[in-house]
*Asks:* 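Next up is a structure, given as structure tokens.
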Amino acid sequence: MDNPLVGFAAVVVLGMAAQWLAWRLRLPSILLLLVFGFAAGPGRMGLVDPGVMFGSDPRILLTLVSVAAALILFEGGLTLRLPELKTTGSVVGRLVSYGLVVTWVLSTLAAHYLVNLPWGISILLGSILTVSGPTVVQPLLRDIRPRGATGTILKWEGIVIDPIGAVLAVLVFEWLLAGTLREAAPHAATGLIKTLVVGCVGGWAAAKLLDIALRRYWIPDYLHNPTALAVVVASFVASNLVQPDSGLLTVTVPGVGMANRSSVSIRHIVEFKENLRVLLLSSVFILLAARLKLADFEGLGLGALLFLAALILVIRPLGVFLSTTK
């Protein structure tokens with residue numbers, strides 16, 4: 001389909017159709033979003049063609065996906081209440097530290113020995129796969145609704161580990177570019193410190209700005225949601241300009257900060273961001289699935305299937321088991 005307007009309409013309609021059908025059939029919405037997006041892509045139904053919608057430069061689509069991920073992380077941060085950590089903090093801490101290392105190491109070994117990838121690529125892939133992320137975990141939690149502390153633990157782990165895993169992947173990538181650990185270590189350490197400082201300071205400043213603006217009635221009620229949206233996007237972009245890939249941490253911090261301030265009610269902002277999250281998630285997965293081609297699956301052999309099975313059935317469960325066992 002050469003009309004980008006049709007493509008944008010199809011993204012929204014198919015996204016909501018997949019969400020509704022998943023609700024009716026009690027299936028994970030992400031599964032149907034991927035199926036719908038792949039079926040609608042070029043060479044199949046042809047309704048959604050990212051190349052026509054965003055041009056030949058893939059950076060446009062990837063930029064939109066990055067901004068969407070930032071808004072989803074901010075919305076996830078708005079659901080994190082610090083008192084919840086009194087009973088679940090130790091488990092969450094082990095999941096995002098010890099569990100992350102276990103997943104990283106085992107995924108690296110599986111990628112090297114099952115898929116025959118070079119060690120450098122295997123280490124990079126393992127670092128990327130440490131991230132579960134709110135884009136996957138949050139919809140699943142909504143569909144499954146686990147009881148007790150399990151839902152709280154998964155919510156915290158899925159949101160907190162996202163910026164941690166992103167920083168880890170960037171550091172590993174820089175190490176691969178440098179070629180040797182001796183050359184990469186100082187640069188990686190400097191990058192990590194800058195990311196933490198820029199992310200925490202920028203996130204604190206964004207949270208403080210929103211808190212003051214809402215508490216002192218500097219903006220009318222009908223501009224609360226758009227202003228919060230603007231502050232999140234601006235802080236995300238500004239942080240990435242100062243220190244690349246620090247934006248995800250920057251937008252997570254104000255979400256948590258706003259969620260734990262009693263000086264002003266943010267219930268209406270939370271409701272708006274929840275609705276926005278559904279739209280963004282649906283659109284992102286439809287677009288990303290539409291970019292896949294049948295040829296992309298031709299190179300997948302038995303090793304890739306074994307790697308996927310090991311990741312789902314062994315590596316992730318083992319990392320969770322070791323992290324939750326006292």
Side-chain angles (χ1 to χ4, degrees), residues 1-12 14-15 30 33-34 37-38 40-42 47-77 124 127-128 131 133-136 138-139 159 162-174 177 191 194-195 198-199 202-203 205-206 225-255 272-273 275-293 296:
M1 185 68 66
D2 294 332
N3 190 337
L5 185 60
V6 174
F8 282 107
V11 168
V12 177
L14 290 174
I30 292 177
L33 286 169
L34 293 175
F38 181 77
L47 293 175
V48 179
D49 188 343
V52 173
M53 297 167 61
F54 301 99
S56 58
D57 190 349
R59 292 178 297 177
I60 300 176
L61 175 58
L62 296 180
T63 298
L64 293 176
V65 172
S66 298
V67 174
L71 293 173
I72 292 169
L73 265 181
F74 174 70
E75 187 275 332
L124 178 61
S127 66
I128 295 173
V131 176
T135 56
V136 176
Q138 294 292 81
I159 295 171
D162 198 84
I164 295 176
V167 171
L168 174 63
V170 170
L171 295 179
V172 171
F173 183 69
E174 291 180 351
L177 290 180
K194 286 183 178 179
T195 298
V198 172
N225 290 325
T227 301
L229 185 69
V231 170
V232 171
V233 173
S235 59
F236 173 73
V237 174
S239 294
N240 281 336
L241 290 177
V242 175
Q243 175 61 27
D245 301 297
S246 64
L248 293 181
L249 177 60
T250 300
V251 298
T252 304
V253 172
F272 169 72
K273 289 297 186 292
N275 295 329
L276 182 62
R277 181 195 66 195
V278 173
L279 179 61
L280 290 175
L281 277 174
S282 302
S283 302
V284 165
F285 278 103
I286 291 288
L287 287 169
L288 293 180
R291 296 181 73 224
L292 295 175
K293 302 176 182 178
D296 296 333

*Asks:* Walk me through it: do Leu61 and Arg291 pass the test side-chain contact (heavy atoms from CB on, under 4.5 Å)?
*Replies:* CA-CA 11 Å; Leu61 175 58; Arg291 296 181 73 224; 3.2 Å; yes
*Asks:* Quick one: do Leu73 and Phe236 satisfy side-chain contact (heavy atoms from CB on, under 4.5 Å)? Show the steps, please.
*Replies:* CA-CA 11 Å; Leu73 265 181; Phe236 173 73; over 6 Å; no
*Asks:* Any salt bridge (Lys or Arg N to Asp or Glu O under 4.0 Å) involving residues 66-75? Give me the pairs, sequence neighbours left out, ordered by first then second residue.
*Replies:*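 Only Glu75-Arg277 qualify under salt bridge (Lys or Arg N to Asp or Glu O under 4.0 Å).
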*Asks:* Nearest heavy-atom pair of Ala169 and Ser127: which atoms, and what distance?
*Replies:*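 Scanning both residues, the minimum pair turns out to be CA-OG, 3.6 Å.
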*Asks:* side-chain contact (heavy atoms from CB on, under 4.5 Å), that's the test. Do Phe74 and Leu229 meet it? Break it down for me.
*Replies:* CA-CA 9 Å; Phe74 174 70; Leu229 185 69; over 6 Å; no
*Asks:* Given Val242, which of Thr195, Val237, Val198 fulfils the side-chain contact (heavy atoms from CB on, under 4.5 Å) condition?
*Replies:*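 So, applying the side-chain contact (heavy atoms from CB on, under 4.5 Å) to Val242 and each of Thr195, Val237, Val198, only Val198 qualifies.
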*Asks:* For the CD1 atom of Ile72 and the CG atom of Leu281, what is their distance to the nearest 0.5 Å?
*Replies:*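 Going from the CD1 atom of Ile72 to the CG atom of Leu281 covers 4.0 Å.
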*Asks:* Show me the side-chain donor-acceptor pairs of residues 248-255 shorter than 3.5 Å, one per line, residues at least two apart or across chains.
*Replies:*
unit_1	atom_1	unit_2	atom_2	d
Thr250	OG1	Ser239	OG	2.7
Thr250	OG1	Ser246	O	3.0
Thr252	OG1	Leu248	O	2.7

*Asks:* Output all residues satisfying side-chain contact (heavy atoms from CB on, under 4.5 Å) with Leu292, sequence neighbours left out; order by chain, then residue number.
*Replies:*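 By the side-chain contact (heavy atoms from CB on, under 4.5 Å) rule, Leu292 matches Phe38, Asp296, Phe297.
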*Asks:* May I ask you to decide if Gly247's main-chain N or O and Asn240's side chain share a donor-acceptor pair within less than 3.5 Å?
*Replies:*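 Confirmed, Asn240 side chain pairs with Gly247 backbone.
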*Asks:* To the nearest 0.5 Å, how far apart are CG in Leu124 and CZ in Phe173?
*Replies:*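 The CG atom of Leu124 sits 7.5 Å away from the CZ atom of Phe173.
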*Asks:* Assess the residue pair Ser283 and Phe8 against the criterion (side-chain contact (heavy atoms from CB on, under 4.5 Å)); give the C-alpha distance rounded to whole Å, side-chain angles, the decisive distance to 0.1 Å, and a yes or no.
*Replies:* CA-CA 9 Å; Ser283 302; Phe8 282 107; over 6 Å; no
